[in-house]
Amino acid sequence: MNSAWRTGFLAWTLLLPLSPWAQPVQVVTETTPFVYLQDGKIAGPATEVLEKTLQLAGIKDYRLNMYPWARAYDMALNEPNVLIYLVARTPEREPKFQWVGEFLQIRYHLYKLRERANIHASNLDTARSYTIGVMRDDLRHQYLQQQGFTRLVMSAQTSENFAQLLKRKVDMVPLSEAGAEAQCRATSFDCAGLERVLSLDALTTGLYMAYSLATPPAVVQRTQAAFKQLKANGTVQRTMEAKASTGKAP
């Protein structure tokens, strides 16, 4: 299927009515620099993109909930009519979801407290000797396990993981630059007190929204068409980049 034909097909699907017996969509997410609670509501630039996508797709019956990552990921793996965001697209995950579209590319690094001058790691081999804090079943957890890291301390959420670092219960944590800045703001910690130790280049990946496999194809296709339209007119990029200029992440 060439790109022009596919673009036309996806746009055409927006004109088709959804099945009257379509089930509500469960939208699940976790706290990130791009998804957060604001005045008791799930907000952030990624949430704004998500809601604009569903509105354009004509999907009005959905429920948006924030969970610890392991729970959100398990729901998207095993339940019908689940839409998860932001989820890293990896070769291992490729057949497990119906992928809608990419919000942004992200790169992760291992961070330590700057004052801990005894911690050094120039490569993965030297980093394995340290205790690393990770989120359970997160991409970073899975990657470090695959690379032979055994000294992993698991938390349910990023905030808990960062607290482990501040309390010196772990030596390093893997975060994106935006993630590190967000955690510093949330804890009123001066980010100058963090030091990037090692870049995890193999973890550079795209963050997507994706449906569970048991979601009807018509729902997936409409959402893909809507997202593609928002991507093409620049809405996705403008909305995601607005976070950096406004600093509204926690």
Side-chain angles (χ1 to χ4, degrees), residues 28-39 41-53 64 66-69 72-73 84-90 93 100-114 132-144 155-166 170 172-210 227 230-231 234-250:
V28 296
T29 189
E30 62 162 339
T31 301
T32 76
F34 309 99
V35 182
Y36 45 85
L37 289 175
Q38 191 171 65
D39 300 324
K41 295 182 179 180
I42 301 175
T47 305
E48 185 177 339
V49 170
L50 167 94
E51 294 187 322
K52 285 180 177 178
T53 301
L64 176 55
M66 182 179 287
Y67 298 114
W69 175 252
Y73 187 73
I84 186 170
Y85 77 111
L86 299 160
V87 57
R89 188 171 185 171
T90 66
R93 290 176 175 174
V100 173
E102 181 185 273
F103 288 81
L104 76 161
Q105 285 273 313
I106 195 162
R107 187 181 185 193
Y108 294 106
H109 317 274
L110 287 175
Y111 285 89
K112 70 169 185 175
L113 295 178
R114 187 174 297 277
I132 312 293
V134 294
M135 276 199 311
R136 186 184 302 276
D137 292 335
D138 173 78
L139 172 70
R140 290 156 286 185
H141 174 202
Q142 295 168 350
Y143 171 74
L144 292 173
S155 298
Q157 301 191 53
T158 303
S159 57
E160 297 173 12
N161 194 37
F162 193 71
Q164 296 278 62
L165 181 71
L166 298 185
V170 299
M172 293 184 282
V173 294
L175 292 166
S176 65
E177 184 176 344
E181 292 171 355
Q183 290 306 310
C184 287
R185 284 194 295 271
T187 57
S188 300
F189 179 78
D190 185 354
C191 256
L194 287 184
E195 182 178 337
R196 186 185 297 179
V197 179
L198 180 67
S199 293
L200 302 175
D201 294 329
L203 276 184
T204 299
T205 186
L207 297 183
Y208 281 69
M209 69 170 77
F227 189 91
L230 294 176
K231 190 93 168 181
T235 298
V236 174
Q237 183 176 352
R238 286 194 304 272
T239 305
M240 296 303 292
E241 289 180 348
K243 171 260 165 191
S245 61
T246 62
K248 287 187 177 180

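What you see below is based on every heavy atom in this structure, not just the backbone, and it leaves out hydrogens, waters and symmetry mates.
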Side-chain (Trp69) to main-chain (Arg136) donor-acceptor, under 3.5 angstrom: no
Residue pair Ile132 / Leu144, side-chain heavy-atom distance below 4.5 Å: yes
Thr205 side chain to Tyr108 side chain, donor-acceptor N/O pair below 3.5 angstrom: no
pair Val197-Tyr111: side-chain heavy atoms closer than 4.5 Å: no
Neighbour count above 12 (heavy atom, 6.0 Å) for Glu160 CD: yes
Ring-ring centroid check Phe227 Phe103, cutoff 6.0 Å: yes
Beyond-backbone contact of Ile84 with Thr29, side-chain heavy atoms, under 4.5 angstrom: no
Heavy-atom check, side chain of Tyr73 versus side chain of Arg93, under 4.5 Å: yes
Closest non-hydrogen atom pair between Tyr143 and Ala202, with its separation: OH-CB, 3.6 Å
Nearest atoms (heavy-atom pairs only) where Thr204 meets Arg107: OG1-CG, 3.4 Å
Under 3.5 Å donor-acceptor, Asn161 side chain and Gly133 backbone: yes
Nearest-0.5 Å distance, SG of residue Cys184 to CG of residue Asp190: 7.5 Å
Thr32 (side chain) donor-acceptor with Phe34 (main chain) under 3.5 angstrom: yes
Approximate separation, where rounding is to 0.5 Å, of Leu207 CG and Leu104 CG: 5.0 Å
From Gln183 atom CD to Thr158 atom OG1, the distance as rounded to the nearest 0.5 Å: 6.0 Å
Shortest non-hydrogen contact between Glu102 and Gly206, atoms and distance: OE1-CA, 3.4 Å
Heavy-atom closest contact (Met66 atom, Ile42 atom, distance): N-CD1, 3.5 Å
Flag if over 12 foreign heavy atoms under 6.0 Å of CZ, Arg89: yes
Heavy-atom neighbours of Glu177 CD exceed 12 at 6.0 Å: no
Pair Arg140 + Asp138: basic N to acidic O under 4.0 Å: yes
Leu113 CG to Glu195 CD distance, which is reported to the nearest 0.5 Å: 10.0 Å
Main-chain N/O of Ala192 paired to Arg114 side chain as donor or acceptor, under 3.5 Å: yes
Glu30 side chain vs Pro68 backbone, donor-acceptor pair below 3.5 Å: no
Side chain proximity check, Val173 to Gln164, heavy atoms < 4.5 angstrom: no
Where Ala180 and Cys191 come nearest, the two heavy atoms and their spacing: O-SG, 3.6 Å
Side chains of Tyr208 and Leu86 in contact at under 4.5 Å (non-hydrogen atoms): no
